Chemist: 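I'd like to ask some things about the structure below.
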Amino acid sequence: MATGIIEGQFEAGGKSYRVRLSVKALGALQHHYGLQSIDEVDAKLLAFSQTSSVDDMVAILWASLRSHHPDVGKDQVLDMLDEIGLAESYRVIRDVFAASRDPSEEDAAGTGDDRP
């Protein structure tokens, strides 16, 4: 389970954006995926990898932008992905969500640094 609210940032279109793994973000993802619990959202985030779909990437970035940029829609996130590229988008998501993990959970799961 995520250990707390974690923030990060990236630039796109000459603007700086702050992403935040917050209760608002978790709730947005729960609704987006039609999940029943935060544990299910956490499992979805744990499953995120470089082979995840563009829809997953958009959903996670969009949800994590909600706290600081509530006016940014999913179409705008797609434009950001075009600008910064999939590799940078993956890095942003991976770095923010890796920072939210309890190291003992990672050791127990045996996943190391490869998961966000």
Side-chain angles (χ1 to χ4, degrees):
M1 186 63 128
T3 60
I5 296 172
I6 304 297
E7 295 193 39
Q9 67 182 43
F10 67 97
E11 288 192 21
K15 289 180 67 177
S16 182
Y17 292 93
R18 289 175 60 191
V19 291
R20 185 174 192 214
L21 179 60
S22 64
V23 173
K24 184 181 268 190
L26 294 173
L29 287 170
Q30 183 177 347
H31 179 75
H32 172 81
Y33 289 116
L35 302 173
Q36 298 301 310
S37 71
I38 296 299
D39 285 340
E40 289 180 69
V41 175
D42 195 54
K44 187 76 170 168
L45 293 174
L46 284 171
F48 182 79
S49 70
Q50 279 187 300
T51 60
S52 292
S53 70
V54 171
D55 181 59
D56 285 340
M57 195 172 281
V58 169
I60 293 169
L61 278 177
W62 168 78
S64 65
L65 287 164
R66 305 303 303 146
S67 291
H68 296 292
H69 310 280
D71 56 321
V72 172
K74 292 178 185 173
D75 282 342
Q76 289 169 294
V77 173
L78 279 167
D79 291 339
M80 290 175 193
L81 292 178
D82 278 339
E83 178 161 333
I84 68 175
L86 294 176
E88 177 65 6
S89 300
Y90 173 75
R91 185 201 62 77
V92 168
I93 294 169
R94 182 199 66 215
D95 289 354
V96 170
F97 294 123
S100 74
R101 299 285 163 213
D102 179 340
S104 64
E105 289 178 355
E106 289 185 11
D107 291 341
T111 57
D113 294 330
D114 291 337
R115 83 174 168 203

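The figures here come from the full heavy-atom set of this structure, side chains too, leaving out hydrogens, waters and symmetry mates. Just so it is clear, the model here is predicted, and its values are computed rather than measured.
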Chemist: Quick one: pull up CD1 in I93 and OG in S52 and give me the separation to the nearest 0.5 Å.
Modeler: 8.5 Å

Chemist: Which residue pairs pass the side-chain hydrogen bond (donor to acceptor under 3.5 Å, both in side chains) test with at least one member in residues 75-88, sequence neighbours excluded?
Modeler: E88-R91

Chemist: What distance separates D39 CG from Q30 CD, expressed to the nearest 0.5 Å?
Modeler: 10.0 Å

Chemist: Between A63 and A25, which heavy-atom pair has the shortest distance, and what is it?
Modeler: O-CB, 3.3 Å

Chemist: Measure the OG-CG distance between S49 and D56 for me, rounded to the nearest 0.5 Å.
Modeler: 9.0 Å

Chemist: For G73 and W62, work out which heavy atoms get closest and say how close.
Modeler: C-CD1, 3.9 Å

Chemist: Indicate whether any N or O donor in one side chain lies under 3.5 Å from an N or O acceptor in the other, for K44 and H32.
Modeler: no

Chemist: If you measure only the distance, is there a donor-acceptor pair under 3.5 Å linking the side chains of D55 and Y33?
Modeler: no

Chemist: Return all side-chain donor-acceptor pairs below 3.5 angstrom for residues 8-18, not counting sequence neighbours, or 'none' if the list is empty.
Modeler:
| unit_1 | atom_1 | unit_2 | atom_2 | d |
| --- | --- | --- | --- | --- |
| R18 | NE | E7 | OE1 | 3.2 |
| R18 | NH2 | E7 | OE1 | 2.5 |
| R18 | NH2 | H68 | NE2 | 3.3 |

Chemist: Between L26 and L45, is there a side-chain heavy-atom distance shorter than 4.5 Å?
Modeler: yes

Chemist: Measuring only between side-chain heavy atoms, which start at C-beta, is V54 closer than 4.5 Å to L78?
Modeler: yes

Chemist: So do M57 and L81 actually touch side chain to side chain, heavy atoms under 4.5 Å?
Modeler: yes

Chemist: Atom CD1 of I84 and atom CG of L61: how far apart are they, to the nearest 0.5 Å?
Modeler: 6.5 Å

Chemist: About how many Å separate CG of L29 and CG of D42, when rounded to the nearest 0.5 Å?
Modeler: 11.0 Å

